[in-house]
Amino acid sequence: MYSREINGEEHTFGVSGKLIMNVLVMYDHQTRTLWSQFLNRGVEGELEGVELDVIPVTQTTWGAWKELHPDTKFLDMLMADPYDQYYADNNRPGVIGERNTDDRLSTKDLVVGVNFDGTPKAYPLDSLESQPTLNDSVAGQDALIYFDVPSGTALVYDRRVNGRTLTFGVDTDASGVLTTLVDDETGSRWMAFTGLAVEGELKGQRLERIPSHLSFWFAWTDWNPETELFTG
């Protein structure tokens with residue numbers, strides 16, 4: 001998700017009908033600039049090279065989201081997903097095929113991809129199932145990757161708080177939105193789905209989200225051919 005404010009002005013966007021390496025290309029009505037969904041920046045037109053501000057989102061189940069936000073509003077499109085068959089075909093990459101074949105994983109294995117200051121790294125969801133909290137350090141960035149198996153929710157946080165790097169683990173056997181984490185350094189307890197400390201020395205602090213992509217492996221490697229891969 002991106003902010004529609006660019007250089008202090010609000011823009012409206014539409015779908016151009018174009019693809020770059022199987023990824024949607026948007027355009028804005030005000031300048032007709034083309035924008036890459038994956039790169040989050042203008043790729044052709046007046047605003048070429050301008051980056052959109054990323055707004056962290058949580059991709060999860062409706063049940064988990066409603067439990068977390070019981071008063072939420074939702075957009076009902078009243079339509080079936082036209083990509084059901086595409087999701088089911090594990091060997092079929094995008095409409096225009098793969099640009100970079102990387103056999104470290106299967107074509108459509110799901111990964112959480114993160115770009116750490118120019119160093120991309122992918123975390124397979126299959127690997128995270130047995131390691132729901134992963135404390136990692138990549139290119140000088142200390143990150144926490146959290147994965148809730150029942151809802152398939154993957155979240156990436158900066159695990160530095162007030163200049164101190166924390167190490168996290170699951171605090172209870174609870175799953176879903178009630179899961180809490182505890183850090184080794186202060187013993188504070190944190191809500192896994194929101195990054196908010198609810199008990200302990202750091203109560204009231206909130207972990208900062210790090211932008212990430214939930215992606216098919218082939219799509220991530222097309223855009224990041226030199227990516228590192230977490231192997232457990």
Heavy atoms, side chains only, cut-off 4.5 Å: are [X] and [Y] in contact?
{"X": "Gln205", "Y": "Asn162", "answer": "yes"}
{"X": "Tyr123", "Y": "Asp136", "answer": "yes"}
{"X": "Trp220", "Y": "Pro225", "answer": "no"}
{"X": "Glu67", "Y": "Ser151", "answer": "no"}
{"X": "Ile20", "Y": "Leu39", "answer": "no"}
{"X": "Thr119", "Y": "Glu228", "answer": "yes"}
{"X": "Thr231", "Y": "Ser127", "answer": "no"}
{"X": "Leu105", "Y": "Phe218", "answer": "no"}

Pair Trp217-Ser106, side-chain donor/acceptor within less than 3.5 Å: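 Per modelled atom types, Trp217 and Ser106 side chains form no pair under 3.5 Å.
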Taking every non-hydrogen atom, the tightest pair across [X] and [Y]:
{"X": "Asp158", "Y": "Arg160", "answer": "OD1-N, 2.9 Å"}
{"X": "Thr133", "Y": "Gly169", "answer": "OG1-CA, 3.8 Å"}
{"X": "Phe216", "Y": "Lys108", "answer": "CD2-O, 3.3 Å"}
{"X": "Gly176", "Y": "Phe193", "answer": "O-CE1, 3.3 Å"}
{"X": "Ser36", "Y": "Val43", "answer": "CB-CG1, 3.9 Å"}
{"X": "Ile210", "Y": "Ala143", "answer": "CD1-CB, 4.0 Å"}

Side chain to side chain donor-acceptor pair (under 3.5 Å) partner of Trp65, the single match among Thr153, Thr60, Thr72: Thr72
Please round to the nearest 0.5 Å and tell me the distance separating atom [atom1] of [X] and atom [atom2] of [Y].
{"X": "Leu110", "Y": "Asp126", "atom1": "CG", "atom2": "CG", "answer": "8.0 Å"}
{"X": "Leu166", "Y": "Glu185", "atom1": "CG", "atom2": "CD", "answer": "5.0 Å"}
{"X": "Gln141", "Y": "Thr165", "atom1": "CD", "atom2": "OG1", "answer": "9.0 Å"}
{"X": "Arg104", "Y": "Asp109", "atom1": "CZ", "atom2": "CG", "answer": "12.5 Å"}
{"X": "Leu134", "Y": "Phe230", "atom1": "CG", "atom2": "CZ", "answer": "4.5 Å"}
{"X": "Leu207", "Y": "Leu181", "atom1": "CG", "atom2": "CG", "answer": "8.0 Å"}

Check for me, please, whether [X] and [Y] land in the same ILVMFWY cluster - side-chain distances under 4.5 Å, paths through other members count.
{"X": "Ile145", "Y": "Val182", "answer": "no"}
{"X": "Phe13", "Y": "Leu19", "answer": "no"}
{"X": "Leu34", "Y": "Ile6", "answer": "no"}
{"X": "Phe116", "Y": "Phe147", "answer": "yes"}
{"X": "Tyr2", "Y": "Val50", "answer": "yes"}

With a sphere of 6.0 Å drawn around [atom1] of [X], does it hold more than 12 non-hydrogen atoms of other residues, nucleotides or ligands?
{"X": "Asp117", "atom1": "CG", "value": "no"}
{"X": "Gln59", "atom1": "CD", "value": "no"}
{"X": "Arg209", "atom1": "CZ", "value": "yes"}

Stepwise side-chain contact (heavy atoms from CB on, under 4.5 Å) check, Val156 with Leu144: CA-CA 6 Å; Val156 183; Leu144 165 68; over 6 Å; no
Donor-acceptor pair, distance only, cut-off 3.5 Å: does the side chain of [X] make one with the backbone of [Y]?
{"X": "Asn115", "Y": "Gly118", "answer": "yes"}
{"X": "Tyr146", "Y": "Tyr157", "answer": "no"}
{"X": "Arg41", "Y": "Gly49", "answer": "no"}

Side chain to side chain contact (heavy atoms under 4.5 Å, CB included) partner of Leu125, chosen from Val111, Val112, Val149: Val112
CA sep, side-chain torsions, deciding dist, call: Asp142, Ser137, side-chain hydrogen bond (donor to acceptor under 3.5 Å, both in side chains): CA-CA 4 Å; Asp142 295 315; Ser137 296; 2.6 Å; yes
Side-chain polar contacts of residues 23-32 - donor-acceptor pairs under 3.5 angstrom, sequence neighbours left out - could you list them?
unit_1	atom_1	unit_2	atom_2	d
Tyr27	OH	His29	NE2	3.3
Asp28	OD1	Gln30	N	3.2
Asp28	OD1	Thr31	N	2.6
Asp28	OD1	Thr31	OG1	2.9
Asp28	OD2	Thr31	OG1	2.8
Asp28	OD2	Thr33	N	3.4
Asp28	OD2	Trp35	NE1	2.9
His29	ND1	Thr12	O	3.1
His29	ND1	Thr12	OG1	3.0
Gln30	OE1	Thr12	N	3.0
Gln30	NE2	Thr12	OG1	3.2
Thr31	OG1	Thr33	N	3.3
Thr31	OG1	Thr33	OG1	2.7

Carboxylate-amine/guanidinium contact Glu201 Arg164, below 4.0 Å: yes
side-chain contact (heavy atoms from CB on, under 4.5 Å) between Arg159 and Asn135, intermediate numbers included: CA-CA 8 Å; Arg159 57 189 179 96; Asn135 297 277; 3.6 Å; yes
Steps toward side-chain contact (heavy atoms from CB on, under 4.5 Å) verdict (Glu10, Glu5): CA-CA 4 Å; Glu10 185 178 287; Glu5 185 175 299; 5.6 Å; no
Residue pairs involving residues 186-200 (criterion side-chain hydrogen bond (donor to acceptor under 3.5 Å, both in side chains); sequence neighbours excluded):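 Checked against side-chain hydrogen bond (donor to acceptor under 3.5 Å, both in side chains) - neighbours excluded - the pairs reaching residues 186-200 are Asp171-Arg189, Thr180-Arg189, Asp183-Thr186, Asp183-Trp190, Thr186-Ser188, Arg189-Glu199.
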